[in-house]
J.: 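Here you go, one structure.
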Amino acid sequence: MKLIIVSGFLGSGKTTFLLGLAKRLAGEDGLDFVILENEAGEVSIDGSYLVGQGLRVRELFSGCVCCQLAGDLVVSMREIKADLDPAGVILEASGLARVESILDTLGKYYRELEAPLVISLADLERSELYLEVPMPFVINQLKHADIVLLNKADRGDTGLLEATENRLREINPRAEVVRVSALDGTNLDVAAERVRAWMLRTS
């Protein structure tokens, strides 16, 4: 069972991206996966929406899996493996999550799980988060990403796109940076192909 972690600040478009990704994975290959939704609040609105779209969703709310719910994350992953045994789990982390802490928890308490694929969404409309007033947890999400999706790329001019891409590469030189629009589907096929290859890869 593979794990894909999807991170991104509040409003970056994670749920819209997940819906587009899920449709591509399920539609083209029929890949078997479960979405594990983490909400910091007491009610999981995004989870309800995803379930309404016909997706299999497990929920962890009233806390973040990088701190308060770290133990629950490991328990949930083991339960999903035992009960459903999907090809993969896609974890939508809270917008305030520290990806480094999630990786540390899994490394310590779920060692049989191979290293996850980490995707982080960067919101072009909030480029000041990367260019001007970077927040530590936003930078943490980006630093630990394998793929950074520069979302809402259709809403910025060339100068802003290039400046933001350059900054993202400074933050994480090893990550692949892909311009996408989760809302209209631009370049989601590229992201889906990366996830598909990850899920089908043999250990």
Side-chain angles (χ1 to χ4, degrees), residues 2-22 24-25 35-38 40 46 64-67 88-107 114-199 201:
K2 306 294 179 67
L3 174 63
I4 297 94
I5 299 173
V6 177
S7 69
F9 186 53
L10 301 168
S12 62
K14 294 191 301 296
T15 301
T16 303
F17 164 69
L18 268 180
L19 184 58
L21 174 66
R24 285 163 173 77
L25 295 178
I35 294 174
L36 183 56
E37 173 81 13
N38 178 215
D46 287 351
C64 179
V65 294
C66 69
C67 43
V89 173
I90 302 175
L91 168 63
E92 181 181 0
S94 160
L96 304 178
R98 289 179 57 85
V99 172
E100 181 180 18
S101 297
I102 296 173
L103 296 174
D104 285 348
T105 294
L106 293 171
E114 69 174 270
L117 175 70
V118 181
I119 299 173
S120 184
L121 274 75
D123 183 351
L124 183 67
E125 290 189 321
R126 298 183 185 178
S127 57
E128 71 275 5
L129 292 174
Y130 326 108
L131 299 174
E132 300 172 16
V133 285
M135 298 180 181
F137 60 87
V138 172
I139 300 303
N140 183 271
Q141 292 172 358
L142 295 169
K143 278 187 174 180
H144 292 87
D146 300 295
I147 302 170
V148 174
L149 301 180
L150 181 51
N151 193 24
K152 307 176 187 176
D154 55 320
R155 303 182 189 179
D157 60 33
T158 301
L160 180 59
L161 280 164
E162 291 180 351
T164 306
E165 280 183 330
N166 289 338
R167 175 57 179 147
L168 294 173
R169 291 191 175 99
E170 288 177 1
I171 295 170
N172 185 345
R174 68 177 181 83
E176 177 182 9
V177 179
V178 181
R179 297 180 186 182
V180 302
S181 172
L183 190 60
D184 68 18
T186 300
N187 277 344
L188 286 196
D189 288 340
V190 175
E193 180 55 38
R194 302 296 189 273
V195 174
R196 183 183 299 113
W198 177 265
M199 291 177 67
R201 188 185 71 180

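Worth saying up front: this structure is predicted, and the values here are computed from it rather than measured.
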J.: Looking only at heavy atoms, what is the nearest atom pair of M135 and L129, with distance?
T.: CE-CD2, 3.7 Å
J.: Check whether any side-chain heavy atom of V6 sits under 4.5 Å from a side-chain heavy atom of L91, and report yes or no.
T.: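 They are not in side-chain contact.
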J.: Check whether K14 reaches the backbone of G8 with its side chain - one donor and one acceptor, N or O, closer than 3.5 Å.
T.: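 A pair under 3.5 Å: yes.
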J.: Return the OG to CG distance between S12 and D123, rounded to the nearest 0.5 Å.
T.: 6.5 Å
J.: Mind checking the OG-CD1 spacing from S7 to I5? Nearest 0.5 Å is all I need.
T.: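 The distance works out to 8.0 Å.
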J.: Does this structure show an ion pair linking D146 with R194, if we count only N-O contacts that are shorter than 4.0 Å?
T.: no
J.: Specify the closest pair of heavy atoms between S94 and Q141, including all atoms of both residues, with the distance to one decimal.
T.: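 Heavy atoms of S94 and Q141 come nearest at O-NE2, 4.1 Å.
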J.: Just wondering, do E92 and F17 contact through their side chains at under 4.5 Å, heavy atoms?
T.: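 No, too far: nothing below the 4.5 Å cut-off.
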J.: Would you name the heavy atoms of L188 and G20 that are closest together and state the gap between them?
T.: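 The answer is CD1-CA, 4.1 Å.
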J.: Please report the interatomic distance CG(L106) to CD1(I102), rounded to the nearest 0.5 Å.
T.: 7.5 Å
J.: Closer than 3.5 angstrom, by distance alone: can the side chain of K2 be matched with the main-chain N or O of W198 as a donor-acceptor pair?
T.: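 At least one qualifying donor-acceptor pair exists.
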J.: Could you tell me whether the side chain of I119 reaches within less than 4.5 Å of the side chain of I4, counting heavy atoms only?
T.: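 In short, these two side chains touch, coming nearer than 4.5 Å.
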J.: Please report the closest heavy-atom contact between V148 and A122, naming both atoms and the distance.
T.: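 Shortest heavy-atom contact: CG1-CB, 4.2 Å.
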J.: Taking I171's backbone N and O only, do any of them form a donor-acceptor pair with Y130's side chain (distance below 3.5 Å, no angle check)?
T.: no
J.: Taking E100 first and then K143, would you say they form a salt bridge - that is, a charged N and a carboxylate O separated by under 4.0 Å?
T.: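 No, this pair does not count.
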J.: For the side chain of N172 and the backbone of L142, is there at least one donor-acceptor N/O pair under 3.5 Å apart?
T.: yes
J.: Name the one of L149, L150, V178 that satisfies side chain to side chain contact (heavy atoms under 4.5 Å, CB included) with N187?
T.: V178
J.: Ignoring hydrogens and geometry, is there a side-chain-to-backbone donor-acceptor pair from N140 to V99 under 3.5 Å?
T.: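 At least one qualifying donor-acceptor pair exists.
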J.: Exactly one of V190, D184, D189 should register a side chain to side chain contact (heavy atoms under 4.5 Å, CB included) with T186. Which one does?
T.: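 Considering V190, D184, D189, a side chain to side chain contact (heavy atoms under 4.5 Å, CB included) with T186 is found only for D184.
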J.: Show me the pairs that pass ring-ring contact (aromatic ring centres under 6.0 Å, His included) and involve residues 135-159, at least two apart or across chains.
T.: F9-F137
J.: Looking at R126 and L10, would you say the former's side chain and the latter's main chain have a donor-acceptor pair under 3.5 Å?
T.: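 Answer holds: yes.
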J.: Looking at every non-hydrogen atom in both residues, tell me the closest pair between T16 and A182 and how far apart they are.
T.: CG2-O, 3.5 Å
J.: Would you call R179-E165 a salt bridge at under 4.0 Å N-O?
T.: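 Looking at R179 and E165, the cut-off is met.
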J.: Return the CD1 to CG distance between I90 and L25, rounded to the nearest 0.5 Å.
T.: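 Interatomic distance, I90 CD1 to L25 CG, rounded to 0.5 Å: 5.5 Å.
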J.: If you define the side chain from C-beta out and look only at heavy atoms, does anything of L103 sit under 4.5 Å from V118?
T.: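 Sidechains of V118 and L103: in contact.
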J.: Taking NZ, NE, NH1 and NH2 as the nitrogens, is one of them in R169 or E176 under 4.0 Å from a carboxylate oxygen of the other?
T.: no
J.: Which pair of non-hydrogen atoms, one from N151 and one from G13, has the smallest distance, and what is that distance?
T.: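 The answer is ND2-CA, 3.8 Å.
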